[in-house]
**Student:** 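Shown below is the structure under consideration.
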Amino acid sequence: MIWLLAAQRFPPPEFTETGHKLPGFLAPLPRGPWMEHFDVIVLLMALALASWLALRGRSRRGLVALGTFSVMYFGFWRKGCICSIGSIQNIAQGLADSSFGVPATVLAFGLAPLVFALLFGRVFCSSVCPHGALQDLMLIKPVKVPVWLEHGLRLIPYMYLGLAMIFAATGGGYIICQYDPFVTIFRFSGSALMVSCGIELLVFGMFIGRPYCRFLCPYGVILGMASNVAKWRVRITPDTCTQCRLCEQSCPFDAINPATIETPSRTVKTDKRRLAAMILLLPLLLVSGGWLGGLTGKRLAHKHRTVSLAERIYLEETGKATDTTDASAAFRATGAPVENLYADAQSVRDRYVLAGRWCGVWIALVAGGKLISLAIRRKRYDYEADQTRCVACARCFKSCPQELQRLGLPVPEGAPLAPPNSPAIF
Amino acid sequence: MNNDSKLNRRSFLGAAGAGLLALTGGLAGCTKRTDNAKTGKSPLDPRFTYDVSQFAHTDPAQLLYQETASIPTGFEDPKCIAVGPNNTLFIGGDRGVKCFDPNGRLQSAITLADKPIALAATGTRICVALKDHLEIFAENGRQLARSEPLGAKTYLTGVADSGQAIFLADAGRREIIHCDANGKLLNRFGHHGDGNPGFVVPSPYFHVLLGDDGLLWVNNPGRHQIEAYTADGRFELGWGAPSMAVEGFCGCCNPVYFTRRPDGKFVTSEKGLNRIKIYDAKGNFEGVVAGPEHLVKDLDLAKKACANCQIGFGFDVACDSAGRVLALDPAAKTVRIFAPKIA
Amino acid sequence: MKRRDFFLNAVRSATMVGLGGLFASFVHKAKADGKVWQIDPWKCTQCGLCATECVLEQSAVKCVHSFDICGYCRLCTGYFEPQPNSLNTAAENQLCPTGAIFRTFVEDPYYEYTINEPLCVGCAKCVKGCTMFGNGSLHLQIRHNVCVHCNECSIARACPADAIHRVPVDQPYKFKSRGEQV
């Protein structure tokens, strides 16, 4: 409208006496694109270094140093944005809305850790992610979380991921960024609520290892899944596991799976029955999850700007509200027809319901998968890092007598060094 | 996963319980977050908000007029209004001028190549000021004359016609243009110096009016004045003072429009706080025709509803022989008629 | 174990290919260049949320001045209180709660108004005053030297006029100017 009617503007005054010239605009620029590219290079180098340190160098000290660097660079220097955790929302929105462009930098931040996870496991989490590294550095006295609670809380990130994807894909906002507890610490500012959440989580994290990574981080879910098919992975022992159980208590994140012991056949039988039941139950779970998700999506749609505006305008149009809000006044000032707004709101609602259904199916799948996995027993002969949960922090390495021997350090008395007569896996 | 089979059920229950808890908690948190924008209130301390609402109310004792009728103009972007001696109503807008009879019935229309910005009607002819030139029409719509373009910086916003001479207000160059009866440029005047205060025109609202007293009346919005000049460009007098209060002219540059009643009293129109007021012939405040609360419900809305009101939103005013005030509402795109209250 | 390895390799390769395709499809689009947040001053309703919603202690939104649409008024409604005692720079006459606007005499009767940005909190009080009565030459913009470039701008989330959007990094400002004005 403005552009169509644009005419040469009414001229400013002339300063005939002083010949004063109009000052121009100051337009301080954002960081140049090359700086963004530099960040990507730093990210890739840090990922490569972390992979080497965790898998070949086996150096906890090196990872701590790299983590400190990441906290300083990606956290305090770069003020936390763009981070890999948040970038998945841009990618989701880009996938859902083809007109939404995702900058290459954001893509690189979202995908590079994933590629590394497919090859080397969650090395990103170990010391490249500023959130993870910050919590890792803060952990001083790990306390073990009860197993049942650990397993329960571990499901939250899956749901959080699902919800975040609903909001991102429908253009409803980036809740991962909005409720990011640590970015407030990196910036030394933020809403009072999020600052206190961040500080509380950090204090909490002094005793409970990496609470955000384990019980909240949605990106960790994706990396965990990728890590499951990793080509190379963190191994506790550099040699052969002697099942000495010395590493059992070394992991503060409950990510070490012990070697299996013989289970009584009675339990195996119950397990089999339970497994069959679970597999039969799964489709029902998925359908009801999708249905519930659709309902949830419909409710969540009220949060969307367009929908809440349309609802407000509807109230005003039907005379149920006599005053206006800032938003409704601003909308009316645009002169856009109300019908278009209603139509937009309806399409947003539809998208929410669809996204909600997918999210419901996803959560049901996770829950079902969890139940099934509880019923499955895989034989394990060694003490291994859990591929989903291990964040490659390298804490367990030095608990292994083989590692101490490799490093030429004194080995605890009585620790078995020679491999016992057990079936070797190699 | 677990080396104790008893843990299965417990972890299952724990998982379900914690999961449900988290889901409900998350959803509650999501819906609980109230939007600051929704409440319509700024969370800022009042000293950070601009508030002139105390000036937006009119004392009923000062209200001399009441709205009696309105005439739709049919223009997308109505711009100017003039009333002829026989109460014929001329409205300029979009790319034309429309002529209405005193009852609001459309009589005729003139099509223009560009947007009319100001009108003067003498009863025999109509002078239309376009951005950089003047066009003169007979009442039947036949073009009588057309001036040369008056220069690149010229931005005409006002016109007055005595029959023998035409005066144009050039907001772009902040001067008055004196033309002969056919629109031929004779003289430009009004610059600062030689006893002239100089015109301060921050936005394109600058008008001229020929009084029965033989003086040329001009609004000088940047100085918050209505000024009188002789036909040869000598400053005679000026009145008006800045004030948000009803007696003065509000804001940075007001009044934006003015006219005179048949009895010689001035009718002024202001933007910002939209108000139309009456001053006597000496410039003493008499009363209010319509206050902000009568003219616009929501200034932001009104501004946006008017395609051409990004700078200023004002009501052009004209008076008919009965002393009624006709105000051109650029948002409603109507002429709103205010008649004196019967005491 | 061989079968398991084969399976893992297949899944891994498929995922890699998928990610590569995703990357290529996005980068292939012209929109893959960087984005920053900016306010559309024509949509802005001066609600004041810019001052409070920014994640920074002091908002990255500042008032900027389009000198070429300014009237250089002696009585500036963006500078003076609605009913100033006198038209001078005494603090009690100033509208800006932080005193971030400078008023300098140019020539009679014109005055120039400049923003001292470090003092500006982005409350839009002056913008409202200028836009209501004057030409609206004072307007809000996100200053990219202050902005921390959040992935999602928290002011944009709260803006009732939906006036804040991502803009290409090579055109990071939306100043009000002569060209686009009616």
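Chain letters run A, B, ... following the sequence lines, proteins first and then strands; every chain starts at 1. Computed from a predicted structure; not experimentally measured.
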**Student:** At a heavy-atom separation under 4.5 Å, does Ser137(C) approach chain B through its side chain, its backbone, both, or neither?
**Tutor:**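 The answer is neither part of Ser137(C).
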**Student:** Calculate, to the nearest 0.5 Å, the distance between atoms CD and OH belonging to Glu81(C) and Tyr50(B) respectively.
**Tutor:**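 One finds 8.5 Å between CD of Glu81(C) and OH of Tyr50(B).
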**Student:** Assess the residue pair Asp51(B) and Lys128(C) against the criterion (side chain to side chain contact (heavy atoms under 4.5 Å, CB included)); give the C-alpha distance rounded to whole Å, side-chain angles, the decisive distance to 0.1 Å, and a yes or no.
**Tutor:** CA-CA 9 Å; Asp51(B) 186 14; Lys128(C) 188 113 192 164; over 6 Å; no
**Student:** So what's closer than 4.5 Å to chain C heavy atoms on Tyr205(B): side chain, backbone, both or neither?
**Tutor:**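 Neither part; nothing is under 4.5 Å.
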**Student:** How about CZ on Phe7(C), more than 12 heavy atoms from neighbouring residues, nucleotides or ligands closer than 6.0 Å, or not?
**Tutor:**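 No, because the 6.0 Å sphere around CZ of Phe7(C) holds 12 heavy atoms or fewer from other groups.
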**Student:** Measure across Arg174(B) and Tyr110(C) and return the closest heavy-atom pair with its distance rounded to 0.1 Å.
**Tutor:**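 Looking at all heavy atoms of both residues, the closest pair is NE-OH, 4.3 Å.
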**Student:** After noting the C-alpha distance and the side-chain angles of Lys125(C) and Thr49(B), does the key distance pass the side chain to side chain contact (heavy atoms under 4.5 Å, CB included) rule?
**Tutor:** CA-CA 5 Å; Lys125(C) 189 183 185 184; Thr49(B) 51; 5.8 Å; no
**Student:** Hey, is CG on Asp194(B) packed in by over 12 heavy atoms from elsewhere, all under 6.0 Å?
**Tutor:**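 For Asp194(B), atom CG is not crowded (no more than 12 foreign heavy atoms under 6.0 Å).
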**Student:** Can you tell me which portion of Phe313(B) sits under 4.5 Å from chain C's heavy atoms? Options are side chain, backbone, both or neither.
**Tutor:**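 Phe313(B) has no heavy atom closer than 4.5 Å to chain C.
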**Student:** Between Lys271(B), Glu270(B), Met244(B), which is the residue that forms a side-chain contact (heavy atoms from CB on, under 4.5 Å) with Phe133(C)?
**Tutor:**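 Result: among Lys271(B), Glu270(B), Met244(B), Met244(B) is the only option passing the side-chain contact (heavy atoms from CB on, under 4.5 Å) with Phe133(C).
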**Student:** So which part of Tyr72(C) gets closer than 4.5 Å to some heavy atom of chain B, the side chain, the backbone, both or neither?
**Tutor:**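 Contact with chain B: none, neither part.
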**Student:** If we define contacts as heavy-atom pairs under 4.5 Å, which of Ala245(B), Gly248(B), Cys252(B) has the most with chain C?
**Tutor:**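 Highest number of pairs under 4.5 Å: Cys252(B).
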**Student:** Could you give me the CA-CA distance, side-chain angles and deciding distance for Val52(B) and Gln83(C), then say whether side chain to side chain contact (heavy atoms under 4.5 Å, CB included) is met?
**Tutor:** CA-CA 9 Å; Val52(B) 287; Gln83(C) 206 67 310; over 6 Å; no
**Student:** Just checking Arg74(C): does its CZ atom have more than 12 heavy atoms from other residues, nucleotides or ligands closer to it than 6.0 angstrom?
**Tutor:**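 12 or below, so no.
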**Student:** Could you state the interatomic distance from OG1 (Thr52(C)) to CZ (Phe48(B)), rounded to the nearest 0.5 Å?
**Tutor:**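 One finds 10.5 Å between OG1 of Thr52(C) and CZ of Phe48(B).
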**Student:** Taking atom CD as the centre, does Glu57(C) end up with more than 12 heavy-atom neighbours from other residues, nucleotides or ligands that are less than 6.0 angstrom away?
**Tutor:**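 Result for CD/Glu57(C): open.
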**Student:** Under 4.5 Å from any heavy atom of chain B, what part of Val127(C) do you find: side chain, backbone, both or neither?
**Tutor:**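 For Val127(C), neither part sits under 4.5 Å from chain B.
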